[in-house]
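A note on names: the letters A, B, ... follow the listed sequences, proteins ahead of strands, and every chain is numbered from 1.
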Amino acid sequence: MIRFEGVGKRHPDGTVAVEGLDLEVPTGRITVLVGPSGCGKTTLLRMVNRMVEPTSGRVLLDDTDVAELEPAKLRRGIGYVIQQAGLFPHRKVIDNIATVPYLLGWDRKKARARAAELLELVGLAPETAKRYPFQLSGGQQQRVGVARALAADPPVLLMDEPFSAVDPVVRAGLQEELLRLQSELHKTVLFVTHDIEEAVRLGDQVVVLREHGRIAQLADPHTLLTSPADDGVAAFLGRDRGLRGLGLRPAKAVELRPVDDGLRYGGWELALDDERRPIGWIDRSAGTAELQPSAGYRPDSDTLRAALDAAVLSPAGVAVALDADGRAIGTASREAVLAALTPAGGGPVSVRKPDPADAMGTPAGADTVGTADGADVVGTADGADGGR
Amino acid sequence: MDDEPIVRWYWIGDHLGYLGNLLADHAVIALVPVLIGLLLAVPLGLACARFPRLYQPLSAVFNIVYALPSLAVFVVLIPYTGLATQATVMFPLTFYALAVLLPTTVDGLRAVPDSVRQAATAMGYGPWHRLTAVELPAAVPYLIAGLRVAAVSSISLASVGALVGRGGLGYLFVDGFQRTFPTPIVAGITLIAVLALAVDLLLVAARRLLAPWAVREQGAGS
Ligand SMILES: Nc1ncnc2c1ncn2[C@@H]1O[C@H](COP(=O)(O)OP(=O)(O)O)[C@@H](O)[C@H]1O
Ligand SMILES: [Mg+2]
């Protein structure tokens, strides 16, 4: 766990970057700092690995004041990923990834074997190992940057707008990849972005910052989107925050009409092939054989947003629920999707990421971010994973 | 000189060994100072990168040296190094090389992207370690570009040394002018050009070998 205690940073020129910040970053979770440019995000991040020294307060890493730790040693235990990747231009990808292992004195063979492992982990082809950074695309460089940060298996990962410089499609892929990695590795991630979309997508908890690093709101993404603390946060979240909130809720909640109950909706009929894969919608009133495309979603893995999107796109106003093989398992009208927006009981369920604490078999109560329990459990598990 | 041809080939044929000696002499006089300049420029450049305040005064000194007319420097040095010793020529040439190589080294170190520097720091490199293990290797293309300029100008400057009695191929110019006999002059010019070209090609090859990752890098004046 990382804890900021009354942390402030005043630069020699009088600029106040951060003032009196208290924050807990729970172990094994992704905490996102989001806020406008210049609000002190980078400053906060760098206080953790002592690239910036606070002028007041202190930063604790697992209850040790980082100011008491030797910077080089501290940093080798903390992964750091930045926007421009910062790969060493004169080193091949494999040696870039092995940088920290080399610094830690691993022998070359072991370091390179570990680097090759990581190359695969971040989804890069083995032949990438021998390339130089300039031969990679921006997205590939970012992956190498992530691999390099993970090379010595540090429990903590600091990421400063790591995906901001790549185009949206690549960015979405990288975000996906980070969530997948995190579900395996359970790092304590402090992630900085100015993109609220990215923040709610990645964060277990999201910290909305104002200037001087003041916390405007700290909440899980769903709470943030549905109940912003004030007008300022609401404005920062943007006008379609309600819709985006749907992207955080499981499509499972939508009640389906079984395929066997018939495929007719008003003047439309869903046509399926022999394997029950949708072919398209038939407009029965038009009397032509022409098929309109059907839109589907996966109830087990998609969100309410995807279900609603499919229902809106369908000419019949009906989304087709598909299984992993693309076979129709049921249909959901727009009404059915909307009905799922007001769950009968219980609060919103977060489905987005496997909960590390749950994965460890802890009681469901441990899902609130930042509890000492959750932190401890994950911390221990991390330690057990740590030995390679 | 009216009926004297530009080149009398027999003279060249008769003096092949002599020309070879002058060429070797010239290469040593011109290139050893560049090598020494490099050996001094790297630590000085690293120090300037680490302590930026050093750079202004140091580069001012070398710029002034660079501005001095070479012949005047040679003449001034004679009382100390003696006429006709190689040191008379090599000593100032070392300073000229340094005047070219120090700024290119510092520029090269500074041209390393900030993101690279920050990533290195964040992984636990201390300032000196980072300079020598990350920034210096990344600056190699700049160093080689500087070496190309320094080597070629040193090869050209070394011929002036002949005027103070020691000059490798430059002696051919003195000889040719004194006898109004153009053949040695032409031979000298040709050999200097060949030497400069050969050294330059060698440095280009060195760059390919030492910095294969820099093929796409522009800049560094090469
Ligand atoms: N070395 C510095 N000297 C003076 N002011 C600085 C320095 N570094 C950052 N700042 C200021 O501190 C504030 C916060 O900067 P930063 O943490 O980089 O913001 P963010 O990452 O959120 O964009 C900004 O106003 C910035 O101008
Ligand atoms: Mg920043």
*side-chain hydrogen bond (donor to acceptor under 3.5 Å, both in side chains) between B:Tyr171 and B:Asp25: does it pass, once the steps are laid out?*
CA-CA 11 Å; B:Tyr171 183 70; B:Asp25 205 22; over 6 Å; no

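The part of A:Leu103 that comes within reach of chain B is its side chain, from C-beta onward, which places non-hydrogen atoms under 4.5 angstrom from that chain. At a 4.5 Å heavy-atom cutoff, the contact between A:Arg91 and chain B is made by side-chain atoms alone. For A:Arg50, no part lies under 4.5 angstrom from a heavy atom of chain B. In this structure, chain B has a heavy atom under 4.5 Å from the backbone of A:Ile78, while its side chain stays farther away. At a 4.5 Å heavy-atom cutoff, the contact between B:Ala122 and chain A is made by backbone and side-chain atoms alike.
For A:Thr43, there are no side-chain hydrogen bond (donor to acceptor under 3.5 Å, both in side chains) partners at least two apart in sequence or on another chain. By the salt bridge (charged side-chain N to carboxylate O under 4.0 Å, His left out) test, B:Asp107 pairs with no residue at all, sequence neighbours left out.
Judged by a 6.0 Å distance limit and a 45° cone about the ring axis, A:Arg148 is positioned over the six-membered ring of A:Phe88.
Taking CG of A:Leu23 as the start and CG of A:Leu44 as the end, the distance is 8.0 Å to the nearest 0.5 Å.
The choice from A:Gln84, A:Glu70, A:Gln83, A:Lys92 that makes the most heavy-atom pairs within less than 4.5 Å of chain B is A:Gln84.
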